[in-house]
Amino acid sequence: MCPTLKYPRLYTKIKFLSFKYHKNAFQEQLISFFVLFCFCFSLVQCLEMTTKRKIIGRLVPCRCFRGEEEIISVLDYSHCSLQQVPKEVFNFERTLEELYLDANQIEELPKQLFNCQALRKLSIPDNDLSNLPTTIASLVNLKELDISKNGVQEFPENIKCCKCLTIIEASVNPISKLPDGFTQLLNLTQLYLNDAFLEFLPANFGRLVKLRILELRENHLKTLPKSMHKLAQLERLDLGNNEFSELPEVLDQIQNLRELWMDNNALQVLPGSIGKLKMLVYLDMSKNRIETVDMDISGCEALEDLLLSSNMLQQLPDSIGLLKKLTTLKVDDNQLTILPNTIGNLSLLEEFDCSCNELESLPSTIGYLHSLRTLAVDENFLPELPREIGSCKNVTVMSLRSNKLEFLPEEIGQMQKLRVLNLSDNRLKNLPFSFTKLKELAALWLSDNQSKALIPLQTEAHPETKQRVLTNYMFPQQPRGDEGKLSPTFFCKLKIYKPFLC
C-alpha cells in the first residue's frame, strides 16, 4: 500500500507544520524526507516481489501512481539448472514476448507454454530436448527460435504455421532432413543448421527467398537444389565441412552472394564460373584437393579475402593480379614452385601467406606490395630474397623460417616498421649492417631454441668483402636435418611445423 494512504495523519501533520512555521528551509526538508520515505517504501515492496518470482524485470511504482497491474514481457531462466519450464511462466502468457531457457536440463516443453500467444522469441539452446512438439504451430507471432545444442531429431510439418519466423538457430541437432513445410516459412532471413546430419535439402528450398544468411557447415551435403537460384537476397553461405566434390552449379546464379565458405570438402578444381559472383568479398576454399584455379577467378572483382590454404596447387593463374581489392591472400600448404609476377599488382594486399610450398624464389614485383603488413614464407627453398623486398616498407611481421637463406639484402634495412622477424632454421652467416636501422624491431628469432626475443648483435668486418656486418654467438646458423631429403610441404602435411614466435 502507498504510504500516503497508510499514514494519512502523518502527511497532514507535516503539511500543517510547514504552513504553521512558514520557514522555507524547514518545509523543504520535511517534504524531501517524505518523498524519500515514499520511494524507499515502494522500492522494498518491488524487491520482495522480484525475489519471490525469481525473474529479471523492472521496478514498478506503487499502485496509486500507476493504476494498472505490472506487465512482464521478458523472462530469463538461463543457467538455472532447471529440469522443466517453471510454472511461473504461465502466469504471464498474455504478455510474455521473450523467454530465455538457455543451458538447463529441460527434456520437454509443456503444452501450456504454447498458450503464450504473444511470444516473439523463444531461446532454449543447450538443453536435453529430443523433439519439438507440434503445438509450436500455435505460436503464430514467433519471430526467433533457438533450439541449438539439443537432441531434436526433426521439425514438425506444421512448423509452417509459424509464418512470422525470421531467425532459426538449430545447429548441433541430429535433424537429418527438413520437412516440406519448412520451406513455407517465407519470412525467414537467417537459418543456422550447422552439424545437423543433413544429407540433402528439400527440392523447393528456393522458396525461402528472403534468406540473407544460410549456414550448413558440418553436414553430409553433396549437392544443392536447383531452386536455390531464387535466393536473390542471400549474402552469406557456409558449406564448409561437407562432401562436395565439385562446386554446385547453382552457386554462380546467386548474384548477391558476398561471403562463401567451401573449406574442408573434396573439390579438385576452382572453376571459372566462380567469376560470375561479382559481389563476392570473402572466399574460403582451403582444405580441399584443388589442383588448378581457373583464370576467370578475376571476375570476382570485389574479392578482399581469398583463402586457398591446404590444397594441391602447383601454380596460380596470372589473372590473380586483377583482384585489385584483395587484402588477404593465403596459399600456404600447397605445392607451388613459383609465384606469378602479376602478384605485384595487388596494391591493397595486407596479408600474404605462402608458407609450406616449394618456392625457390620470390618475384621482384613483390616490392610493389606497398600496403603489405604481414608476410609469411616459412618452409620453402629460398636461397635469397629479392632486393626489391626493401620497398615493402609497411611490413610489421615477416617470417622466413626454414628456408635456405645464406644472406639477406642490405635493402631489408628500409623496412623500418618491422617489429617481428623470424629467420630461424636457415644458413645465414651474419646479418647486413643495415639492420641497425630497424629501430622498432622487438623480436628477432634466429633459432627455435632462442630464450629471448632479442639477442644483442655486434659489428664485425666480413672476412671476404671487409664490409661491416652484424653477428653474435648464434652465427653461422646450422640448418636442421639433412639437406634436401624432404620437402617443406611434407612437414606441413604432418602438421608438425611451428608457428613463428612473437
Side-chain angles (χ1 to χ4, degrees), residues 39 42-63 65-66 68-152 155-156 159 161-173 175 185 187-196 213 215:
F39 174 77
S42 180
L43 179 63
V44 169
Q45 280 193 327
C46 289
L47 287 175
E48 287 178 354
M49 179 168 35
T50 301
T51 303
K52 286 180 181 179
R53 290 176 179 168
K54 296 180 182 179
I55 61 173
I56 294 178
R58 55 183 177 83
L59 294 178
V60 184
C62 60
R63 286 182 182 149
F65 292 126
R66 60 187 168 90
E68 296 178 0
E69 64 182 54
E70 59 189 311
I71 296 176
I72 297 298
S73 61
V74 180
L75 293 177
D76 191 342
Y77 291 93
S78 300
H79 301 275
C80 290
S81 301
L82 299 174
Q83 294 185 349
Q84 58 184 12
V85 178
K87 294 181 179 179
E88 292 94 327
V89 170
F90 312 132
N91 295 332
F92 309 103
E93 62 182 25
R94 289 189 297 109
T95 61
L96 191 61
E97 295 182 3
E98 298 181 21
L99 176 59
Y100 299 88
L101 297 164
D102 308 26
N104 286 291
Q105 292 95 45
I106 298 173
E107 295 183 0
E108 61 179 357
L109 299 177
K111 291 183 179 180
Q112 266 187 291
L113 176 62
F114 302 101
N115 293 330
C116 300
Q117 297 289 312
L119 203 61
R120 291 187 300 108
K121 182 171 184 177
L122 178 58
S123 182
I124 331 170
D126 199 7
N127 276 277
D128 298 324
L129 297 178
S130 58
N131 66 80
L132 201 58
T134 55
T135 45
I136 195 172
S138 61
L139 299 180
V140 293
N141 292 306
L142 193 64
K143 289 187 175 183
E144 298 181 34
L145 174 64
D146 188 347
I147 56 169
S148 58
K149 298 182 182 179
N150 278 281
V152 177
F155 281 97
I159 188 75
C161 298
C162 301
K163 296 187 181 298
C164 290
L165 270 173
T166 59
I167 301 175
I168 293 181
E169 167 59 278
S171 299
V172 196
N173 280 289
I175 294 173
L185 300 174
N187 286 306
L188 212 56
T189 61
Q190 299 179 35
L191 176 58
Y192 305 90
L193 287 167
N194 302 307
D195 194 6
I213 298 174
E215 293 192 4

Kindly list each side-chain donor-acceptor pair under 3.5 angstrom involving residues 124-133, sequence neighbours excluded, with atom names and distances?
unit_1 : atom_1 : unit_2 : atom_2 : d
Asn127 : OD1    : Asn104 : N      : 3.2
Asn127 : OD1    : Gln105 : N      : 3.4
Asn127 : OD1    : Ile106 : N      : 3.1
Asn127 : ND2    : Leu101 : O      : 3.0
Asn127 : ND2    : Ile124 : O      : 3.3
Asn127 : ND2    : Pro125 : O      : 3.0

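Closest of all the heavy-atom pairs between Gln117 and Phe114 is NE2-O, 3.5 Å. The two residues Cys162 and Leu139 make their nearest non-hydrogen contact at SG-O, 3.9 Å.
You'll find the side chain of Ile167 stays beyond 4.5 Å of the side chain of Leu145, heavy atoms only. By the 4.5 Å heavy-atom criterion applied to side chains, Tyr77 and Asp102 are not counted as neighbours. Between Phe92 and Leu75, some side-chain heavy-atom pair lies under the 4.5 Å cut-off. With contacts defined as side-chain heavy-atom distances shorter than 4.5 Å, the pair Leu99/Val74 does not qualify. Phe90 has its side chain out of reach of Leu96: every pair of non-hydrogen atoms, C-beta onward, lies at least 4.5 Å apart. Ile213 places none of its side-chain heavy atoms less than 4.5 Å from the side chain of Leu191. Side-chain contact between Leu188 and Thr166 is absent, with no heavy-atom pair separated by less than 4.5 Å.
Between the side chain of Gln190 and the backbone N or O of Tyr192, no donor-acceptor pair lies under 3.5 Å. A distance-only check finds a donor-acceptor pair linking the side chain of Asn150 to the backbone of Ser148 [under 3.5 Å]. Judged by distance alone, with hydrogens and angles left aside, the side-chain atoms of Asn173 form no donor-acceptor pair with the main-chain N or O of Ala196 at under 3.5 Å. No side-chain donor-acceptor contact under 3.5 Å links Thr95 to the backbone of Ser73. A donor-acceptor contact shorter than 3.5 Å links the side chain of Ser171 to the backbone of Asn194.
Residues in residues 103-120 take part in these salt bridge (charged side-chain N to carboxylate O under 4.0 Å, His left out) pairs, two or more places apart or across chains: Glu97-Arg120, Glu98-Arg120. Each salt bridge (charged side-chain N to carboxylate O under 4.0 Å, His left out) pair with one or both residues in residues 130-146, not counting sequence neighbours, appears once here: Lys121-Glu144.
Put simply, CZ on Arg94 and CD1 on Ile72 are 12.5 Å apart, with the number rounded to the nearest 0.5 Å. With rounding to the nearest 0.5 angstrom, the CD atom of Gln84 is 11.5 Å from the CG atom of Leu109. Between Ile147 atom CD1 and Leu122 atom CG the span is 9.0 Å, to the nearest 0.5 Å.
Residues meeting the side chain to side chain contact (heavy atoms under 4.5 Å, CB included) test with Asn91, sequence neighbours left out: Glu88. Judged as a side chain to side chain donor-acceptor pair (under 3.5 Å), and not counting sequence neighbours, Asn141 has no contacts. Taking the side chain to side chain donor-acceptor pair (under 3.5 Å) definition, one finds that Ser138 meets it with nothing, sequence neighbours left out.
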**Report entry** Candidate pair Asn187 and Leu165, rule side-chain contact (heavy atoms from CB on, under 4.5 Å), full reasoning
**Finding:** CA-CA 6 Å; Asn187 286 306; Leu165 270 173; over 6 Å; no

Query - Chi angles and distances behind the side-chain contact (heavy atoms from CB on, under 4.5 Å) call for Phe155, Ile168 - result: CA-CA 11 Å; Phe155 281 97; Ile168 293 181; 4.1 Å; yes

